[in-house]
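Each residue takes its place number in the sequence, starting with 1.
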Amino acid sequence: QVELVESGGAWVRTGGSLTLSCTASGRSFSSYTMAWFRQAPGKEREFVSRILWGGATTTYADFVEGRFIISRDDDKNSVYLQMDSLQPDDTALYYCAASRFGGSQVGQYFAWGQGTQVTVFS
């Protein structure tokens with residue numbers, strides 16, 4: 001059983017930056033692919049970024065356009081999402097998720113956090 005807890009969401013002005021954190025319980029964190037998804041009101045949950053076990057391979061959604069960086073610290077059972085140049089369209093509830101296999105689909109992830117709210121205002 002893996003429990004994920006996100007933090008770091010906040011209100012931020014357009015063009016600002018935030019770093020989200022996600023800490024996992026359990027023993028097998030280093031073997032999981034970890035990802036960030038987001039869900040805006042009235043929209044489906046969408047993939048943002050993932051980082052494979054070992055940390056060498058990362059993937060980003062097209063809309064990220066080089067603004068976000070995902071990283072992990074297996075000693076701390078944690079994954080991070082550094083977000084720069086935030087725009088109002090980035091406003092959403094951001095979720096951390098774990099997968100034994102990876103991918104960019106919601107159904108490929110077996111553990112989810114409760115989400116952390118990011119609100120970008122102009």
Side-chain angles (χ1 to χ4, degrees):
Q1 187 75 8
V2 176
E3 293 188 357
L4 304 174
V5 179
E6 303 98 332
S7 61
W11 286 68
V12 62
R13 194 174 295 275
T14 297
S17 299
L18 280 177
T19 297
L20 307 182
S21 301
C22 171
T23 301
S25 64
R27 300 180 181 178
S28 302
F29 177 83
S30 62
S31 68
Y32 298 143
T33 290
M34 299 300 297
W36 289 95
F37 288 78
R38 71 184 188 183
Q39 188 167 17
K43 295 187 177 181
E44 293 186 354
R45 193 169 298 189
E46 63 178 352
F47 171 78
V48 176
S49 180
R50 66 167 179 162
I51 184 166
L52 270 61
W53 61 270
T57 302
T58 59
T59 307
Y60 297 92
D62 289 343
F63 64 77
V64 169
E65 297 180 328
R67 300 179 297 131
F68 299 174
I69 298 174
I70 190 170
S71 61
R72 66 190 296 160
D73 185 338
D74 290 343
D75 290 336
K76 296 182 179 179
N77 275 16
S78 294
V79 61
Y80 309 97
L81 186 68
Q82 178 185 331
M83 304 187 295
D84 298 319
S85 301
L86 285 163
Q87 302 299 314
D89 284 349
D90 294 316
T91 295
L93 192 59
Y94 282 72
Y95 294 92
C96 171
S99 172
R100 294 182 177 90
F101 306 107
S104 60
Q105 304 301 311
V106 170
Q108 294 172 308
Y109 289 79
F110 71 92
W112 294 82
Q114 81 289 350
T116 186
Q117 179 67 39
V118 173
T119 303
V120 185
F121 63 95
S122 57

Is a donor on one side and an acceptor on the other found under 3.5 Å between the side chain of T14 and the backbone of F121?
yes
Taking every heavy atom of D74 against every heavy atom of S30, the minimum-distance pair comes out as OD2-CB, 3.6 Å
For L4 and A111 the tightest heavy-atom approach is CD1-O, 3.5 Å
So, is the end of the R72 side chain (NZ or CZ) under 6.0 Å from the ring centre of Y32 and within 45° of the ring's axis? no
In this structure, CG of D90 is separated from CZ of R38 (nearest 0.5 Å) by 5.0 Å
Are Y60 and V106 linked, directly or through other ILVMFWY residues, by side chains that come within less than 4.5 angstrom of each other? no
Here the pair of heavy atoms bringing S85 nearest to S17 is N-OG, 4.4 Å
So CZ of F37 and CD of Q105: to nearest 0.5 Å the spacing works out to 7.5 Å
Correct closest heavy-atom pair for L18 and G8 would be CD2-O, 3.8 Å
Check your understanding: Is the closest side-chain heavy-atom distance between M83 and V118 below 4.5 Å?
Key -> yes
Got T91 and Q117 here, is their nearest side-chain heavy-atom distance under 4.5 Å? yes
Under a single-linkage definition using a 4.5 Å side-chain heavy-atom cutoff for Ile, Leu, Val, Met, Phe, Trp and Tyr, are Y80 and V2 assigned to the same hydrophobic cluster?
no
Looking at E46 and E44, would you say the former's side chain and the latter's main chain have a donor-acceptor pair under 3.5 Å?
no
Candidate pair L20 and E6, rule side-chain contact (heavy atoms from CB on, under 4.5 Å), full reasoning:
CA-CA 7 Å; L20 307 182; E6 303 98 332; over 6 Å; no
Item checked: ILVMFWY network linking M34 to W112, side-chain heavy atoms under 4.5 angstrom -> no
Tell me, do T59 and S104 make a side-chain contact under 4.5 Å, heavy atoms counted? no
Q: Please answer: with hydrophobic residues joined when any side-chain heavy atoms are less than 4.5 Å apart, are F68 and W36 in the same cluster?
A: yes
Note: A40 and A92 closest approach over all heavy atoms is N-CB, 3.9 Å
Rounded to the nearest 0.5 Å, the CZ atom of F110 sits from the OG atom of S99 at a distance of 7.5 Å
Checklist entry - If Ile, Leu, Val, Met, Phe, Trp and Tyr residues are connected whenever their side-chain heavy atoms lie under 4.5 Å apart, and connections chain through other members, are V120 and I69 in the same group? => result yes
Rounded to the nearest 0.5 angstrom, the SG-CZ distance for C22 and F29 is 7.0 Å
Shortest non-hydrogen pair, V79 vs C96, comes out as CG1-SG, 3.7 Å
With I70 as partner, the option from V64, V48, I51 fulfilling side-chain contact (heavy atoms from CB on, under 4.5 Å) is I51
**Report entry** Side-chain H-bond candidate by donor/acceptor type, N77 with T23, under 3.5 Å
**Finding:** no
Check: Does Y95 have its ring centroid less than 6.0 Å away from the ring centroid of Y109?
Finding: no
